[in-house]
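Working notes, beginning with the structure itself.
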Protein chains: 2
Amino acid sequence: MATIKDVAREAEVSTATVSAVINDSAYVSPALRARVLSVIDALGYAPSQVARNFKRGRSQLIALVVADLANPFYSRLVWAAEADVSAWGYSLVVFNSDEKPDTEKQILSRVRMLGCDGVLLVPVGDEEHYPVRDTRRWPPTVLYGRSLNRDNMDTVTLDNREAARLATNYLLDLGHRRIGSIAAPTHLNTGRDRLAGMIDAMSARGVTARPEHIRSGDFREQMAYSVARELLKESDRPSALYVANGLMALGVMRALSDLGLRCPEDISIVSTDTVSGPGGLRPQLTRTEHPLEEMTYEALRLLVDRIQHGNSRPPRNVVFTPSLVLGDSCAPATE
Amino acid sequence: MATIKDVAREAEVSTATVSAVINDSAYVSPALRARVLSVIDALGYAPSQVARNFKRGRSQLIALVVADLANPFYSRLVWAAEADVSAWGYSLVVFNSDEKPDTEKQILSRVRMLGCDGVLLVPVGDEEHYPVRDTRRWPPTVLYGRSLNRDNMDTVTLDNREAARLATNYLLDLGHRRIGSIAAPTHLNTGRDRLAGMIDAMSARGVTARPEHIRSGDFREQMAYSVARELLKESDRPSALYVANGLMALGVMRALSDLGLRCPEDISIVSTDTVSGPGGLRPQLTRTEHPLEEMTYEALRLLVDRIQHGNSRPPRNVVFTPSLVLGDSCAPATE
DNA sequence: AATACTCAGCGAAACGATTAGCTGGAATAT
DNA sequence: ATATTCCAGCTAATCGTTTCGCTGAGTATT
C-alpha cells in the first residue's frame with residue numbers, strides 16, 4: 001500500500017502538501033495540486049483511515065449494542081441505525097449482549113478499546129450493574145428503549161406505561177375481564193412499566209388481575225412458549241393476554257396452536273413492540289407500535305451531537321408515544 | 001484517557017515494560033508486574049486499540065456487507081456472523097448495500113479506508129461490475145450466497161439449482177403441472193440457478209413452464225406483492241408457485257390474501273431461503289432451507305484463515321446442500 | 001529604499017503503542 | 001579471577017497522518 005510519503009517523494013513535494021491536497025485544508029497552487037493528484041492516481045493511493053483516526057483521536061465508528069440480535073425488533077433497529085449512521089459518515093459496529101450483563105460488560109470494554117466515537121446501547125443489566133462512569137473515560141452513550149435510573153444520560157425510550165394501558169384498555173373494551181400477561185423481566189424498567197400500565201388500566205375499571213395469570217418471560221420466543229403453555233392449560237385460564245413484546249407473542253401463538261387453542265376465538269392476544277407480523281399470515285397481531293425509525297434517528301442525532309459538542313448541553317430524555325394497531329388476534333369476550 | 005506513558009511514569013518504569021505486562025510478551029519480575037498492574041488499575045488505563053492497530057497494521061474489524069438489511073434472512077446472517085466474529089476476537093462492522101451496486105462500491109471503498117482486516121460480502125452487481133483487484137490493495141474477501149464468475153475468490157454458497165429442483169419436484173409430486181415462479185433477478189447467479197433448477201425439474205417430467213407464469217422479482221416483499229398480484233389475477237393463473245426467496249413468499253401471501261385466494265387451497269407455495277415463518281402463524285411455508293449457521297461459520301473460517309495465512313492456500317468454493325422443509329402451504333393439485 | 005505583509009510550501013513534532021537492540025549487573029563456568 | 005551467559009529492563013525508532021510554525025520570495029506601503 002502506498003503511503004503519503006510515497007506520494008510526496010514521487011510528486012517531489014512535502015507530505016504536508018499532499019495532506020493539504022487530500023484534505024483541502026490549505027491553499028495549494030493549481031499546478032502542484034494537479035501534480036499531486038496525478039501521482040495519487042498513479043499509485044492508487046488512499047489515505048489510511050487507521051493512521052488518520054489515530055492522529056485525530058477518533059475512529060468514525062459508532063457501536064450499537066443490542067440485547068438480542070435474534071429478536072426481529074433489534075434486527076430492524078440494526079437496519080435503521082446502519083442507514084442513519086452511514087448518512088452521518090460513520091460506520092456501524094454491531095454487538096449482541098444476548099441479555100447477559102456479563103457479555104455486555106465485555107462488549108463495553110471492547111468498544112472502549114476500539115475507540116468507538118459513540119455508543120447506542122440497549123442496556124441489559126439492572127441499575128446497580130453500571131458503575132458511574134466518568135465521561136472522560138467513556139465515549140458518549142445514548143440509551144435506547146430501556147433506561148436506567150440516571151439523570152445524567154441521554155435516553156430515547158417508549159412510553160411503556162401508556163403502551164400497556166392502550167393494549168389493556170382495548171381488551172377491556174372488548175369485554176375481557178380475565179386478562180393475563182406474559183410480562184417482561186422486572187429488573188428492567190421496560191418490564192416494570194408495562195406491567196404497571198396494565199394494572200393501572202385494569203384497576204381504573206375496577207378489575208383486578210389475578211396474580212397467577214401474570215407470568216414473567218424474558219423477551220424471547222422459547223421461554224414465552226413454555227410459560228404460556230403452563231398458563232394456558234389451567235382450567236381457569238385467562239380469556240385474553242397482554243404480551244410484553246412481539247417475539248414473545250409469537251411464542252404464545254405457537255403454544256396456542258400446540259394446545260389446540262385458537263386465536264382469537266379462544267384467547268385474545270395483544271402485544272407491544274411488535275414484529276409486524278408479515279402481511280398475509282394469520283392471525284395478524286393486534287399490538288401497540290412505536291415509530292422505530294424516528295426513535296432511531298433521534299437517538300443517533302443525540303449521539304452525534306454529543307460526539308461533536310461534548311457535554312455542553314444537558315442530557316435529554318426523549319419519550320415516544322405508542323399507538324394501537326389493530327390486527328385480528330382479539331375477539332369480544334364470550335362469558 | 002490515560003496513555004501507556006502515564007502508566008510508565010506513574011509506575012516508574014519504561015513504556016516497554018508496561019507493554020510487556022499488558023501483552024505478556026516478555027518476562028517481567030513479579031514485583032514490577034504487580035506495580036504496573038496496580039497503576040493500570042488506578043488510572044483506569046486501557047490500551048488504545050486504535051494506536052495498536054495502527055502500529056500493527058490491522059484493525060481487528062471484519063466487515064459484513066449484505067444486500068438488504070430489511071430482509072430477515074440477512075438479519076439472521078448478521079446475528080450468526082456477530083457471534084462467530086466476536087468469538088474469533090474481531091468486531092463486526094455492518095453495511096447495507098441495499099441491492100445497489102453503486103452503494104456497494106462506496107461501501108467497499110469505505111471498508112478499505114477503515115482498514116478492515118477482512119470482508120464477508122454478498123455481492124449485488126453483475127460479473128462485470130467488479131474490477132479485478134490486486135490482493136495487495138484489497139483485504140481478504142469471502143463471497144457469501146452469491147458468486148461471481150471468478151476462480152480466484154473464496155465463496156460459500158448454496159446449491160441453488162438443487163434447491164429449486166427439490167421445491168419443484170415436490171409440487172410436481174403433488175400433481176401440479178401449471179407451476180409458475182416469482183424468480184430472482186437474472187443478473188445474479190442465484191436467480192439464474194434457481195430458475196434453471198425449476199425448469200430442469202419440470203422438463204425432466206416432460207412439463208413445460210409457461211413463460212407468462214414466470215415473473216421476475218427483486219428479492220423484496222413489495223415487488224413480489226405487486227408482481228404476484230398481476231400474475232394471480234389472470235384467469236389461467238398457475239396452481240402452484242415456486243418463489244425464489246422467503247421474503248418474496250411473504251409478499252405473495254399478502255397478494256393472495258388481498259385477492260381473496262387461499263393458500264394452500266387455491267394456490268400452493270414453495271420457496272427457498274426462508275424466513276422460517278414464526279411458529280404458530282398460518283400457513284407455515286413449505287420451503288427449502290439451508291444451514292445458515294454452518295454456512296456463516298464456514299465463511300468466517302475461510303476468511304480468518306485468509307487473514308492469517310494470506311494467499312498461500314488456493315481459493316475454496318464451499319457449496320451447501322439445501323433440504324426440503326414441509327409446512328402447510330401446499331396442497332395436491334385439483335384439476 | 002527600507003519595512004511590512006502575504007503567500008505557497010516545507011520541516012519536524014506529535015499521536016500511542018510495539019519491538020529490536022542495547023546495557024549493566026548477577027549468576028555460572030572455566 | 002576472568003570470561004561467558006543470562007536476565008530484567010530501558011532507549012529509541014517506527015508506523016502514516018496532521019498540523020504548528022517557519023522560510024524565503026514576491027508584493028504592497030511608506
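Since this is a predicted model, take the numbers as computed values, not measurements. The chains referred to below are lettered A, B, ... by the order of the sequence lines, with proteins before strands, and numbering in each begins at 1.
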Residue-phosphate contact under 4.0 Å: B:Asn23 side-chain N/O, C:dT18 OP1/OP2: yes

Can you measure B:Ile22 atom CD1 to C:dG16 atom C1' for me and round it to whole angstrom units? 10 Å

Any side-chain N or O of B:Ser14 less than 4.0 Å from the OP1 or OP2 oxygen of D:dC10? yes

Please determine whether a side-chain nitrogen or oxygen atom of A:Thr15 lies at a distance below 4.0 Å from atom OP1 or OP2 of D:dT18. no

Give A:Val18 one of three labels, base, sugar-phosphate or nothing, depending on what nucleic acid heavy atoms sit under 4.0 Å from its own. nothing

Where the side chain of B:Ser97 meets the backbone of B:Lys100, is there a donor-acceptor pair that is under 3.5 Å apart? no

Can you tell me how far P of D:dG9 sits from CD1 of B:Ile4, to the nearest Å? 15 Å

Ignoring hydrogens and angles, state whether a donor on the side chain of A:Asn23 or A:Arg52 is under 3.5 Å from an acceptor on the partner side chain. yes

Main-chain N/O of B:Gly89 paired with B:Gln60 side-chain donor or acceptor, under 3.5 Å: yes

Could you tell me the separation between the OH atom of B:Tyr27 and the P atom of D:dC10, rounded to a whole number of Å? 15 Å

Carboxylate-amine/guanidinium proximity below 4.0 Å for A:Arg146 and A:Glu104: no

Suppose we call a contact any N or O donor and acceptor under 3.5 Å apart; does that hold for the side chain of A:Lys5 and the base of D:dT17? no

To the nearest angstrom, how far is A:Lys55 atom NZ from C:dG16 atom P? 9 Å

Could you tell me the separation between the CZ atom of A:Arg58 and the C1' atom of D:dT17, rounded to a whole number of Å? 12 Å

Taking the side chain from A:Arg306 and the backbone from A:Gly118, do they hold a donor-acceptor pair closer than 3.5 Å? no

For the helix from C:dA1-D:dT30 to C:dT30-D:dA1, what is the angle between the axes at its two ends, each from 5 pairs, rounded to 10°? 50°

Provide, to the nearest angstrom, the distance between the CZ atom belonging to A:Arg56 and the C1' atom belonging to D:dG16. 12 Å

May I ask you to say what B:Val50 touches in the nucleic acid, namely base, sugar-phosphate or nothing, with a heavy-atom cut-off under 4.0 Å? nothing

When all nucleic acid strands are considered with a 4.0 Å heavy-atom cut-off, which category describes B:Phe54: base, sugar-phosphate, or nothing? base

Distance check needed: C:dA17 P versus B:Gln49 CD, whole Å only. 10 Å

On the nucleotide C:dT18, are OP1 or OP2 found under 4.0 Å from the side-chain N or O atoms that B:Ser19 carries? yes

Side-chain N,O (B:Arg52) to OP1/OP2 (C:dT18) below 4.0 Å: yes

Closest to the B:Ala16 side chain, choosing from D:dG9, D:dT17, D:dC10: D:dC10

So, applying side chain to side chain donor-acceptor pair (under 3.5 Å) with A:Ser147, which one of A:Asn189, A:Asn317, A:Thr157 is it? A:Asn189

In this structure, which one of A:Asp154, A:Thr296, A:Thr155 forms a side chain to side chain donor-acceptor pair (under 3.5 Å) with A:Tyr144? A:Thr296

Find the distance A:Arg33:CZ to C:dC10:C1' and express it as a whole number of Å. 17 Å

Short side-chain donor-acceptor distance under 3.5 Å, A:Asp98 and A:Thr103: no

Please confirm whether the shortest side-chain N or O distance from A:Thr17 to OP1 or OP2 of C:dA8 is below 4.0 Å. no

